[in-house]
**Student:** 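Have a look at this one.
Throughout, protein chains are lettered first and strands after them, A, B, ... in sequence-line order, and every chain is numbered starting at 1.
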Amino acid sequence: MAAKLVFLGRLADIAGMTERAVATGPLETILADLPPELAVALLGERIRLALNGELLVSHGGIVLGEGDELAFLPPVSGG
Amino acid sequence: MAAKLVFLGRLADIAGMTERAVATGPLETILADLPPELAVALLGERIRLALNGELLVSHGGIVLGEGDELAFLPPVSGG
Amino acid sequence: MIDVRLLTEQFEPGQFIGAFTAAHPGLGGICSFVGEVRGAGGVEALELSHYAPLTLPGMAALAQTASDRFGLMGILILHRTGQMAPGEPIVCVSAASTHRRAAFDAVDYAMDHLKSQSWFWKREKRAGQWHWIEPRADDYADLSRWD
Amino acid sequence: MIDVRLLTEQFEPGQFIGAFTAAHPGLGGICSFVGEVRGAGGVEALELSHYAPLTLPGMAALAQTASDRFGLMGILILHRTGQMAPGEPIVCVSAASTHRRAAFDAVDYAMDHLKSQSWFWKREKRAGQWHWIEPRADDYADLSRWD
């Protein structure tokens, strides 16, 4: 009954951690339980999402199930 | 009372040697003493000349003095 | 041969390039680029974080695309992660080809895509403080050359 | 640092590139190209002859021109002469720069000019017979890119 959020780049600074276990369920519900500053940052226009290692094209209607890993990816700064 | 001719690339094959001591004097006189096949090859349109390590812009009126080195340079095949 | 690696420790590019070269008998030429951490602007350290499920597959896909596009005999892509000091190598790309131009273009292409499209996040330490690095406009301009 | 050498014996490019890299602390990147003798077409050996009073000064002038044109920190140009077997390195060019693009362009530029304008004459041995190699039209086309 747990899923995982992963925070990359500056999002890890805002979260104060690189990943966080969360209850399963709709993403909106999960975000509502986070500190508001972090939730706002995660919903930023330039943040991309990857669910279980696959980039998401649409960010709507995401529901996390048992063992799912959702990564929040800010713009990359390159190699 | 000797100068030197240097033959590069295929000209060395035609000459049968890479360099040859010659008497000083006008180039025409020197060439006239060489085997005709070699003289013709040395006068080829695409052959450039270098006198004592300096490329010659004009091929007319060359007179070799004591210790001069005249090199015959066919088109390079590159590095 | 396609050889793509994320390295967590300092590495010697010449060792990898030497082995990569030896693995391709009959090549005409090999072009290599090595990028080092720059110390300009008072940078004391650089840290690269990545997201494992995307980063290495992304680099492997880039290597395959470059290999196909330029008809390479092989391509090597090495990238550091973690914390580095100025002067340490951070990236190494080598391409082996029967044609010089293809080797050059492949490394150029791979570097442009690594710089702008790979899943790395960089921060640098200046005066004891860490600062995240934003993408540079130049990187996008470089990338558009290949469209 | 400008380092230009004609080498009469087989060499290990990585050793020269490693020393060249170490000589330029603070570089952003280093681009290198190594060309090897190809064995395609039944080539058993390759021989490069040169004319000492022109060849090395010509390479040194090319290195200086490339260094100035692309604003390099340093450039290394190594070229073999004499007889070589397929697989042996024949040429090695490295450019060190604070900018990746400059390093790439400088090596590309130097290779194009070495291939078409340097004072080398090549012959290759096939089936026991030596054959002189004429300039390739491609080399001139490559060169015209820089005009």
**Student:** Which word best sums up how the rings of C:Phe120 and C:His79 line up, parallel for under 30°, tilted for 30 to 60°, or perpendicular for over 60°?
**Tutor:**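 Geometry flag for C:His79 against C:Phe120: parallel rings.
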**Student:** Which of the residues D:Ser32, D:Cys92, D:Pro86, D:Gly29 is involved in the greatest number of heavy-atom pairs with chain C at under 4.5 angstrom?
**Tutor:**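 Between D:Ser32, D:Cys92, D:Pro86, D:Gly29, the count favours D:Ser32.
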**Student:** So which of D:Gly14, D:Gly26, D:Cys31 has the largest heavy-atom pair count under 4.5 angstrom toward chain C?
**Tutor:**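 Top option by heavy-atom pairs under 4.5 Å: D:Cys31.
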**Student:** Pick one: which of C:Leu54, C:Leu78, C:Leu6 meets side chain to side chain contact (heavy atoms under 4.5 Å, CB included) with C:Met59?
**Tutor:**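 When C:Leu54, C:Leu78, C:Leu6 are each tested with C:Met59, the side chain to side chain contact (heavy atoms under 4.5 Å, CB included) holds only for C:Leu6.
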**Student:** Could you tell me whether C:Arg101 and C:Asp108 make a salt bridge, using a distance below 4.0 angstrom between a side-chain N and a carboxylate O?
**Tutor:**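 Here C:Arg101 does not pair with C:Asp108 in a salt bridge, since their nearest N and O are not under 4.0 Å apart.
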**Student:** Charged N to carboxylate O under 4.0 angstrom, D:Glu124 versus D:Lys122?
**Tutor:**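 Salt bridge absent between D:Glu124 and D:Lys122.
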**Student:** Starting at CD1 of D:Ile30, measure out to CE of D:Met73 and round the result to the nearest 0.5 Å.
**Tutor:**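 D:Ile30 CD1 to D:Met73 CE: 9.5 Å, rounded to 0.5 Å.
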**Student:** Does any backbone or side-chain atom of D:Ile17 lie under 4.5 Å from a heavy atom of chain C? Answer side chain, backbone, both or neither.
**Tutor:**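 Neither; nothing under 4.5 Å.
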**Student:** Is it the backbone or the side chain of D:Ser94 that comes under 4.5 Å from a heavy atom of chain C, or both, or neither?
**Tutor:**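 Neither part.
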**Student:** What part of D:Val107 is in contact with chain C, defined as an atom under 4.5 angstrom from a non-hydrogen atom: side chain, backbone, both or neither?
**Tutor:**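 Looking at D:Val107, backbone and side chain both touch chain C.
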**Student:** Is the shortest heavy-atom distance from the side chain of D:Ser118 to the side chain of D:Leu62 under 4.5 Å?
**Tutor:**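 Heavy-atom side-chain distance check fails, nothing below 4.5 Å.
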**Student:** For the residue pair D:Val4 and D:Ala63, what are the closest heavy atoms and their distance?
**Tutor:**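 The pair with the smallest heavy-atom distance is CG2-CB, 3.6 Å.
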**Student:** How long is the gap from OG1 on D:Thr21 to CZ on D:Phe16, to the nearest 0.5 Å?
**Tutor:**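 Going from the OG1 atom of D:Thr21 to the CZ atom of D:Phe16 covers 13.0 Å.
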**Student:** For side-chain contact (heavy atoms from CB on, under 4.5 Å), just list the numbers for C:Met111 and D:Phe104, CA-CA rounded to whole Å, side-chain angles, deciding distance to a tenth of an Å, and then say yes or no.
**Tutor:** CA-CA 11 Å; C:Met111 280 303 306; D:Phe104 268 104; 4.3 Å; yes
**Student:** Between C:Gly28, C:Gly18, C:Gly87, which has the largest tally of heavy atom pairs under 4.5 Å with chain D?
**Tutor:**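 With the most close heavy-atom pairs to chain D, the winner is C:Gly28.
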**Student:** Report, in residue-number order, which members of residues 33-44 of chain C are under 4.5 Å from chain D by heavy-atom distance.
**Tutor:**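 Within residues 33-44 of chain C, the residues under 4.5 Å from chain D are C:Phe33, C:Val34, C:Gly35, C:Glu36, C:Arg38.
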